[in-house]
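Computed from a predicted model, the values in this text were never measured in an experiment.
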Amino acid sequence: MENFKKEKVTAKTLMSRLAALALAVALALGLVGCDTSSIVPGGSGGVMPDPAVSQTETMPSDGQDAAFQMHFIDVGQALSVLVECDGQFMLYDGGNVDDGSLVVSYLQSQGVEQLEYVFCSHAHEDHVGGLAAALAYFPAYHVYSPVTEASTKCFKDFVKYTQQQNLQVEVPAVGTQWALGSATVTMLGPVAQYDDTNDTSIVLRIDYGATSFLLTGDMEADAERDLVNSGANLKVDVLQVGHHGSSTSTSYVFLNAVLPEMGIISCGANNKYGHPHEETLSILRDAGVDVYRTDLLGTITVSSDGQNYTVATEHFATDAELNPTAPAASSAAQQAYIGNVNSKKFHLPSCANLPAEKNQILFSSYDEAVAAGYSPCSSCIK
């Protein structure tokens with residue numbers, strides 16, 4: 001039986017996150033200034049109209065009538081992200097070739113019938129591999145990639161199935177914007193030419209109401225630095241942590257510019273690369289970023305009403321498991337909990353909703369409570 005965790009994420013102040021990271025930045029790099037020059041010349045800055053939506057349509061002021069979801073599909077040591085807004089869909093990466101049928105099945109389960117946009121972040125198999133299957137099944141309006149040619153069979157298949165829809169793989173310009181329902185997708189990078197394929201990753205910012213998200217593919221430290229220096233608006237609520245949590249990505253300078261509340265890492269359980277690396281987890285900890293990982297949580301879905309967002313996960317993992325570098329991780333795992341024998345909910349001892357003493361049962365750890373068939377109180381356990 002699947003367990004689901006859903007929680008309200010409250011806004012952290014910008015100053016508190018700046019303070020949390022400032023010391024780590026100073027120790028690691030010294031004080032670093034950022035160039036505030038504009039985005040590189042040549043970016044179109046134009047809005048790509050969605051053929052299925054009137055451009056006069058606007059998001060309702062309360063956000064209640066608009067639906068936005070971002071699905072980080074569990075494709076193991078790979079990446080695939082489905083974004084939905086107002087019934088329209090875009091796909092960012094498709095995992096490995098072997099993940100193609102899984103991605104197609106997941107999209108079907110979400111009611112996808114067509115894809116407004118398909119993005120290949122870069123030409124490595126664990127990102128482009130499953131896109132051929134998606135394009136073989138779902139009609140698309142536009143298909144994007146940082147390159148139009150690559151020597152690998154998986155990339156050639158991606159191009160083949162794009163062309164079978166009478167489409168061409170397009171290379172978008174920095175500054176281009178697309179409408180996805182009432183959300184706005186903006187291309188921020190790459191802002192330069194790179195020999196390293198990871199650094200060619202298409203970087204997308206997605207804004208829905210007051211909530212914001214950043215997809216970075218496998219972008220590494222050199223491209224991160226250039227993106228920060230470009231002056232792009234990088235501050236978002238949710239960050240897709242680059243390169244599966246590798247230490248080659250998520251530099252202090254970049255994270256200081258993004259300051260996310262949540263970092264989502266797509267990686268495979270017990271993968272041979274050791275992702276996510278301890279260095280990356282430590283940096284995220286220093287910045288006060290809540291870590292979510294597909295290797296432990298399965299598929300992760302972030303939903304937004306335009307003001308706040310919630311998170312649902314396929315499985316449960318403790319904070320100690322998600323980021324074992326956290327100083328309080330070991331003690332948190334052994335926190336005592338009080339269960340309610342009637343409701344089968346368990347609480348922190350400090351919770352205002354504790355049951356009457358006669359209905360209480362004590363658990364010595366979170367895992368013990370879950371194993372006994374209890375679920376966490378949504379008020380006191382986040």
Side-chain angles (χ1 to χ4, degrees), residues 7 9-14 16-18 20-21 24-25 34 68-73 79-83 92-93 119 121-122 127 183-190 198-199 201-208 210-221 223-228 230 232-267 275-277 279-295 297 300-304 308-311 313 322-323 325-326:
E7 63 184 31
V9 181
T10 57
K12 301 177 182 176
T13 66
L14 183 62
S16 66
R17 284 183 281 147
L18 278 167
L21 191 58
V25 173
C34 294
F68 178 95
Q69 288 192 321
M70 182 174 287
H71 308 256
F72 294 83
I73 305 170
L79 179 67
S80 184
V81 185
L82 174 69
V83 185
Y92 181 90
D93 288 346
F119 288 90
S121 69
H122 63 296
H127 295 258
T184 301
V185 182
T186 306
M187 178 165 165
L188 301 184
N198 285 335
D199 280 335
S201 293
I202 290 177
V203 179
L204 298 180
R205 176 190 178 93
I206 303 174
D207 290 281
Y208 178 67
T211 56
S212 51
F213 311 82
L214 194 65
L215 298 174
T216 67
D218 278 357
M219 178 176 61
E220 297 188 332
E224 288 179 350
R225 181 190 61 248
D226 292 341
L227 184 56
V228 170
S230 77
N233 180 12
L234 296 173
K235 288 185 173 60
V236 297
D237 299 308
V238 179
L239 168 69
Q240 174 251 310
V241 177
H243 202 184
H244 318 288
S246 170
S247 59
T248 59
S249 300
T250 319
S251 59
Y252 276 109
V253 171
F254 179 70
L255 198 59
N256 188 45
V258 179
L259 289 174
E261 294 178 347
M262 177 189 302
I264 296 182
I265 301 173
S266 182
C267 60
H275 294 158
H277 289 154
E279 298 94 323
T280 303
L281 293 174
S282 295
I283 290 171
L284 293 168
R285 176 203 67 203
D286 291 344
V289 178
D290 294 329
V291 172
Y292 284 71
R293 298 163 47 174
T294 60
D295 61 329
L297 299 172
I300 300 166
T301 303
V302 183
S303 304
S304 171
N308 299 292
Y309 58 90
T310 57
V311 186
T313 63
L322 293 169
N323 192 345
T325 69

For Y92, give me all partners under ring-ring contact (aromatic ring centres under 6.0 Å, His included), at least two apart in sequence or on another chain.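 In terms of ring-ring contact (aromatic ring centres under 6.0 Å, His included), with neighbours along the sequence ignored, Y92 is linked to no residue.
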So [Y] and [X], do their side chains get closer than 4.5 Å, heavy atoms only?
{"X": "V311", "Y": "I300", "value": "yes"}
{"X": "V302", "Y": "I264", "value": "yes"}
{"X": "K235", "Y": "S212", "value": "no"}
{"X": "F254", "Y": "L239", "value": "yes"}
{"X": "V258", "Y": "V236", "value": "yes"}
{"X": "L284", "Y": "T325", "value": "no"}
{"X": "H244", "Y": "D218", "value": "yes"}

Please check if the distance between the ring centroids of H127 and H243 is under 6.0 Å.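 Ring-ring flag for H127/H243: false, centres at least 6.0 Å apart.
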So, for D237 and A210, which heavy atoms are closest and what is the spacing to 0.1 Å?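 Shortest heavy-atom contact: OD2-O, 3.7 Å.
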State which residue, out of S247, S282, S249, fulfils the side-chain hydrogen bond (donor to acceptor under 3.5 Å, both in side chains) condition with H277. S247
When the ring planes of Y208 and F68 are compared, do they come out parallel, tilted or perpendicular, using 30° and 60° as the limits?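 Parallel, since the angle between the ring planes stays under 30°.
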Straight-line distance of L204 CG to L188 CG, nearest 0.5 Å: 7.5 Å
